Number of protein chains: 2
Amino acid sequence: MNLETSLSTEEAILAAARKVFESKGFDGARMQEISDRAGINRALLHYYFRTKEKMFERIFDEALERFMPLLSTWDQDLEESWELKLKRFIIKFITFLKTNSMLFLLREIIRKPELLASKTEKHRKKLNKFVLYFDRLKQERLIRSDVDSRYIYVIIHSLCSFPLMNGIVFSYSLRISSKEYDELMAGYPEIISDLLIQLLKYQKN
Amino acid sequence: MNLETSLSTEEAILAAARKVFESKGFDGARMQEISDRAGINRALLHYYFRTKEKMFERIFDEALERFMPLLSTWDQDLEESWELKLKRFIIKFITFLKTNSMLFLLREIIRKPELLASKTEKHRKKLNKFVLYFDRLKQERLIRSDVDSRYIYVIIHSLCSFPLMNGIVFSYSLRISSKEYDELMAGYPEIISDLLIQLLKYQKN
DNA sequence: TTTACTTTTAACAGAATTGTTAAAATACTA
DNA sequence: TAGTATTTTAACAATTCTGTTAAAAGTAAA
């Protein structure tokens, strides 16, 4: 067994599969297209991964593993200010989003909702750290207390996710090119950091 | 020709097709599933619509036609306050979103980006009304002028769209049932209306 | 009731797609 | 270099899916 060669073939396949699954989705993806991209015979896909389904799961798992560490942002340590935490999260999140993985994850979860429960089982605990953290901030009067933390969760995630997932439509609606949209979006993390901080800081009255 | 019967068969097919295309996407949709749902023979689908592609286009067009009128909100009339306009838009938008059509549209546009240009051609003018309207509000000092209107566009649409498109994931992350999530979301339009108004009104300094 | 037209169905054809297998090519080891 | 194990390929099998067609069933009008 030649480990290096074997690994690089497997890597080539995975890279191709990632690309194809992310852009076409499981249903639209074709084994032929993946093997073409990887520059190998189609049967090799089955040699390495047995079935399309298993190959897909590998890609899905990897995307999830890249995403989950983001949630550690909300581990409750007291030293860092919530403003900094928030900024850090937004930057990391948006960077992740640029890889297209988010739309991929969402699309496939909608296709097959079982994926959500089965694949995130081992990250179960991480999932509600955000709400716990923000509840605590409210308790300690560091942020406004009149908005349900779950709304804050939804708002932050929406502001981070959607502008990148929906880039094609937004750039078209704003009548600018994809490139111009990307340039516009370069300033976006800062804008929403500021807006969110401003929003969370002051109580409405 | 029996018009009534024919119409109701066609309607049954369209309703079934809408359901299947929206949940599975074009690639995942099966003609067999659509005909089963409509309670008719599969060949009838072709009798009425010739091909899967043509049937899909009909569904896509209809979803777009339901969506486009929302944009008229931003016609520039002076009588209504921008706060009211905004509230009206958010409510209507979120109501539309509940039909699942938004995720459907986005998914299919990503699959086949040409759809965007070809299908929205006749609505081209409506698309940039938002930015024009908000630029004018800034000009007249009715809202803060230090945020690019295109960011405001992106922010508002993200806040409206994503919480409903991503409902499955959000409810899972927040550890509540779909039903509880829906109940939570009942209060959402008001929350973001207030937040956005608060945000747009006051200049940061 | 007969005739003509429309709607619906069953059966079939063709294409595309996933997965298998046996043999060829390549790499490794003694 | 010979032999063995691994990697790769071409050809094939099986299934699934879209689209066609000819005939059956239903409807309306003379």
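Naming convention: chains lettered A, B, ... in sequence-line order (proteins, then strands); numbering from 1 in each chain. Predicted, not measured: the structure shown is a model, and the values here were computed from it.
Taking atom OH on A:Y48 and atom C1' on D:dT9, their separation rounds to 13 Å, with Å as the unit. If you take NZ of B:K52 and C1' of D:dT18, they are 8 Å apart, rounded to a whole angstrom. The CZ-C1' distance, from A:R50 to C:dT21, rounds to 12 Å in whole Å. One interatomic measurement links the two molecules: CE of B:M31 to C1' of C:dA16, which rounds to 16 Å at whole-angstrom precision. For the pair B:I40 CD1 and C:dT6 P, the interatomic distance rounds to 19 Å; values are reported in whole Å. Rounded to a whole Å, the CG atom of A:D27 is 11 Å from the P atom of D:dT18. Between the P atom of D:dT6 and the NE2 atom of A:H46 lies a distance of 21 Å, rounded to the nearest Å. Rounded to whole Å, atom C1' of C:dA24 lies 14 Å from atom OH of A:Y47.
Residue A:L45 is out of contact with every strand shown, counting any heavy-atom pair closer than 4.0 Å.
Between A:Q32 and B:L44, the residue anchored closer to the 5' end of DNA chain C is B:L44, taking for each the nucleotide with the nearest heavy atom.
A:W74 and A:F130 have perpendicular rings, their planes meeting at more than 60° on a 0 to 90° scale where under 30° would count as parallel.
In terms of phosphate contacts, B:T51 brings no side-chain nitrogen or oxygen within less than 4.0 Å of OP1 or OP2 of D:dT18. Residue A:T9 places no side-chain N or O under 4.0 Å from the OP1 or OP2 atom of D:dT7.
A salt bridge is absent between A:E108 and A:K112; no separation between the charged side-chain nitrogens and carboxylate oxygens falls under 4.0 Å.
For B:A16, the side-chain contact (heavy atoms from CB on, under 4.5 Å) test picks out B:I34, B:R37, B:A38, with sequence neighbours left out.
The base of D:dG19 sits with one of its N or O atoms less than 3.5 Å from a complementary donor or acceptor on the side chain of B:R42.
Side-chain contact of A:T99 with A:R66: a donor-acceptor pair under 3.5 Å is absent, judged by distance alone.
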